[in-house]
Amino acid sequence: MTVIWKLKKGADRRPRSGHPWVYSHELAQSPKGLVPGSLVELQDDQGRFVARGYGNPNSVITFRAVSFDPKEWNPLERKSMIHKILEAWKSRLILGFRESFRMVFSEGDRLPGLIIDAYVGEQDGKRIRVFATQILTAGIQKALGEAETFFKELVEEAITKGLTDISWENSAVVLRNDVRSRQLEGLTEDLPRFVKSVRGAEFTDFPIRLNAALDDGSVEMNCDLFGGQKTGFFLDQTANIQAVVRVLDGNPFLPKDRPVRVLDLCCYVGHWSAQLTRALRRNGHEVEVTQVDVSEKALQFAKKNAERQGARVITRQGDVMKVMMSLQKEYDVVIADPPAFVKAKKDIPLGRHAYLKINTQAFRVANEGGLVVSCSCSGLFVEDDFREVLAKAIRRNFLDARCVLRGGPAPDHPGRLGFPDGMYLKMFTHLVGAQAVGTVVETEGDGDGALVEPDGDA
Ligand SMILES: C[S@@+](CC[C@H](N)C(=O)[O-])C[C@H]1O[C@@H](n2cnc3c(N)ncnc32)[C@H](O)[C@@H]1O
């Protein structure tokens with residue numbers, strides 16, 4: 001029998017506008033006693049249907065909606081879960097994703113707490129798909145059950161529906177539940193684990209294939225799908241990379257008498273620099289890429305990935321702020337895509353300062369006529385705040401810079417307008433103009449401070 005939780009008067013406004021989270025203080029009764037992850041029907045104070053999803057009395061987010069359809073009686077049952085994942089998969093194909101893509105993006109696909117990045121690559125003449133999966137909530141853990149059996153059924157259904165021709169035999173599933181936030185749900189933070197492998201395949205140096213930016217081909221990028229950061233690769237920048245490639249593609253003023261210089265800050269395995277190199281080389285340019293990251297292992301992959309596209313690569317391992325201090329004004333494209341500096345509300349002041357520092361340096365080293373790509377993947381650091389920081393970084397360099405692109409997460413990371421929390425990634429690209437003499441007006445709270453601690457190794 002489905003458990004019913006009633007909301008306090010007026011507390012239905014947010015879930016009715018599409019926001020899938022409910023906090024315990026918004027409930028009319030205590031959630032205690034519910035087995036974490038069990039099916040719950042949410043009703044308003046008048047007993048009218050609001051949503052169905054799962055509850056967890058141990059979590060601050062006590063209820064997460066999986067369905068707003070009153071006729072969907074059990075959105076957590078296996079058939080329903082498989083149907084939702086296949087719908088998400090199909091939507092990526094509709095959007096033009098071919099090889100590797102984020103197949104399930106949590107709340108964006110009405111599967112809160114589930115991330116599946118599907119990576120396709122070729123080894124020993126075999127096309128292999130790896131489902132790199134993060135299970136972030138008790139509800140998803142309970143609904144998926146035994147992961148290997150679940151994915152086998154999913155792949156067989158996908159083949160029947162014509163979504164893929166990669167067999168179960170050539171599919172692998174790695175659980176990347178090495179995520180601290182699982183503890184907030186009463187779950188353990190586990191080590192990465194393959195629940196299904198492919199005979200003879202090597203996943204710690206796996207060549208994933210991605211849609212190439214702005215051409216029909218695909219780009220191969222090596223990365224570690226077992227021990228790499230997050231699910232092994234960052235897929236969220238695909239559309240932003242494509243947009244920057246489009247701007248570069250039409251630029252008749254890029255240097256022809258020397259290599260185009262690209263600076264890829266916090267490059268991880270070099271997604272930006274590899275794609276940009278491919279596009280620039282296609283237009284006949286020599287390319288020199290400087291890749292900076294704190295992770296030695298990530299840099300080894302980055303170098304290999306950009307060299308494969310024809311770049312001459314310089315790597316600089318270390319803290320990005322320290323490395324940047326030693327760089328000159330000589331770059332035609334600067335990409336600043338640091339880790340999330342703001343992970344909790346209390347981090348906002350220090351995070352704001354870190355974004356200001358990295359972007360001040362990014363604009364300092366960009367040539368006139370160059371591009372500066374500034375990114376923030378801190379969901380809690382909202383777009384207005386980021387824009388203010390960038391405006392200041394530009395002013396501090398006495399620059400005139402045109403904002404020419406504004407982007408967010410790629411379409412395989414769908415959002416919901418009622419759930420702004422999911423639209424975490426922000427990207428602004430500026431075309432750098434001439435330097436002028438000016439006066440920098442400092443506002444309160446921007447004093448000097450240390451950059452936040454570097455993230456762990458890849
Ligand atoms: C958001 S990821 C970058 C993703 C990458 N740009 C891409 O699109 O694939 C952040 C990267 O910053 C690196 N990093 C974290 N702290 C750093 C620091 N203080 N200095 C340099 N790199 C750092 C991490 O190792 C990671 O590779």
Side-chain angles (χ1 to χ4, degrees), residues 100-102 117 119 132 208 210-211 213 219-225 227-245 262-278 289-306 309 314-327 333-343 347 350-351 353-359 361-362 372-379 381 386 407-410 412-413 424-427 429 449-458:
S100 303
F101 47 78
R102 175 152 292 191
D117 284 342
Y119 298 114
I208 68 168
L210 297 156
N211 291 37
V219 171
E220 202 168 70
M221 303 275 305
N222 280 67
C223 56
D224 179 357
L225 294 185
Q229 295 179 31
K230 301 277 168 76
T231 64
F233 191 80
F234 293 90
L235 290 160
D236 54 357
Q237 292 282 11
T238 315
N240 295 331
I241 294 174
Q242 202 163 18
V244 171
V245 162
V262 176
L263 175 62
D264 192 355
L265 300 169
C266 301
C267 63
Y268 190 50
V269 298
H271 190 193
W272 277 94
S273 30
Q275 292 268 23
L276 262 49
T277 300
R278 178 185 172 99
V289 168
T290 303
Q291 297 172 322
V292 182
D293 205 282
V294 75
S295 161
E296 184 63 52
K297 195 172 163 196
L299 275 178
Q300 284 167 11
F301 281 118
K303 185 170 191 304
K304 182 162 147 183
N305 289 327
Q309 299 303 329
I314 300 161
T315 56
R316 300 286 303 269
Q317 192 263 325
D319 176 58
V320 63
M321 289 317 304
K322 291 201 185 103
V323 174
M324 283 209 75
M325 294 301 180
S326 65
L327 301 177
V333 187
V334 181
I335 299 119
D337 183 19
F341 289 140
V342 178
K343 290 187 175 134
D347 304 334
L350 199 56
H353 188 69
Y355 283 117
L356 178 61
K357 272 181 104 172
I358 191 170
N359 282 290
Q361 292 304 315
V372 175
V373 182
S374 308
C375 309
S376 160
C377 56
S378 302
F381 196 61
F386 191 43
D412 56 345
H413 293 59
Y424 64 101
L425 181 66
K426 297 157 282 287
M427 184 281 299
T429 296
L451 188 67
V452 295
E453 285 295 303
D455 266 8
D457 206 5

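Every number for a ligand or one of its atoms is a count from 1 in the order of the listing. Side-chain atoms are counted along with the backbone in the values below, which use heavy atoms only and exclude waters and symmetry mates.
- Using a 3.5 Å distance cut-off with no hydrogens or angles, the side chains of S374 and Y355 do not pair a donor with an acceptor.
- Checked against the 6.0 Å centroid threshold, F234 and H271 do not count as a close aromatic pair.
- Residue contacts with ligand 1 for F233 are absent, since no atom lies close enough (heavy atoms, distance under 4.0 Å).
- The closest donor-acceptor contact from the side chain of Q291 to the backbone of K303 lies under 3.5 Å.
- Residue-level proximity to ligand 1 for C266 is carried by backbone and side chain together, each with a heavy atom below 4.0 angstrom.
- Ligand 1 has no N or O atom lying under 3.5 Å from any N or O atom of V269, backbone or side chain.
- Atom numbering of ligand 1 starts at 1 in the shown order; those under 4.0 Å from a heavy atom of D337 are 1 (C), 3 (C), 4 (C), 5 (C), 6 (N), 7 (C), 8 (O), 10 (C).
- Numbered from 1 in the order shown, with element, the atoms of ligand 1 that lie under 4.0 Å from a heavy atom of H271 read 9 (O).
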### Message
Could you go through L235 and H413, starting from their C-alpha distance and side-chain angles, then the distance that decides it, and tell me whether this counts as side-chain contact (heavy atoms from CB on, under 4.5 Å)?
### Response
CA-CA 9 Å; L235 290 160; H413 293 59; 4.0 Å; yes

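- Using modelled atom types, one side-chain atom of D293 and one backbone atom of Y268 make a donor-acceptor pair closer than 3.5 Å.
- Those atoms of ligand 1 with a heavy atom of Y268 less than 4.0 angstrom away are 4 (C), 5 (C), 9 (O), 27 (O).
- In this structure the side chain of C267 reaches within 4.5 angstrom of the side chain of L299, judged on heavy atoms.
- Between Q237 and ligand 1, no N or O atom pair is found at a separation short of 3.5 Å.
- Within ligand 1, the atoms closer than 4.0 Å to a non-hydrogen atom of W272 are 6 (N), 8 (O), numbered from 1 in the order shown.
- Looking at P339, A298, C375, S376, it is P339 that brings a heavy atom closest to atom 10 (C) of ligand 1.
- Using a 4.5 Å cut-off on side-chain heavy atoms (C-beta onward), L327 and L263 make contact.
- Numbered from 1 in the order shown, with element, the atoms of ligand 1 that lie under 4.0 Å from a heavy atom of G318 read 20 (N), 21 (C).
- Side-chain atoms of P409 and R102, non-hydrogen and from C-beta on, never get closer than 4.5 Å to each other.
- For the pair Q309 (side chain) and T277 (backbone), a donor-acceptor distance under 3.5 Å is absent.
- Note on ligand 1: G270 sits outside its first shell, no heavy atom being nearer than 4.0 Å.
- With N305 contributing its side chain and N222 its backbone, the two residues share a donor-acceptor pair below 3.5 Å.
- Distances below 4.0 Å separate heavy atoms of F234 from the following atoms of ligand 1: 2 (S), 4 (C), 9 (O).
- Any N or O atom pair closer than 3.5 Å counts here, and L265 shares no such pair with ligand 1.
- Considering backbone and side-chain atoms alike, V294 places an N or O below 3.5 Å from some N or O of ligand 1.
- Side chains of D337 and N240 form no contact here, defined as non-hydrogen atoms less than 4.5 Å apart.
- At least one N or O atom of Q229 sits closer than 3.5 Å to an N or O atom of ligand 1.
- Residue C267 places a heavy atom under 4.0 Å from ligand 1.
- At a heavy-atom cutoff of 4.0 Å, ligand 1 is contacted by the backbone of P338 but not by its side chain.
- Considering only non-hydrogen atoms, atom 11 (C) of ligand 1 lies nearest to D293 out of N305, D293, D319.
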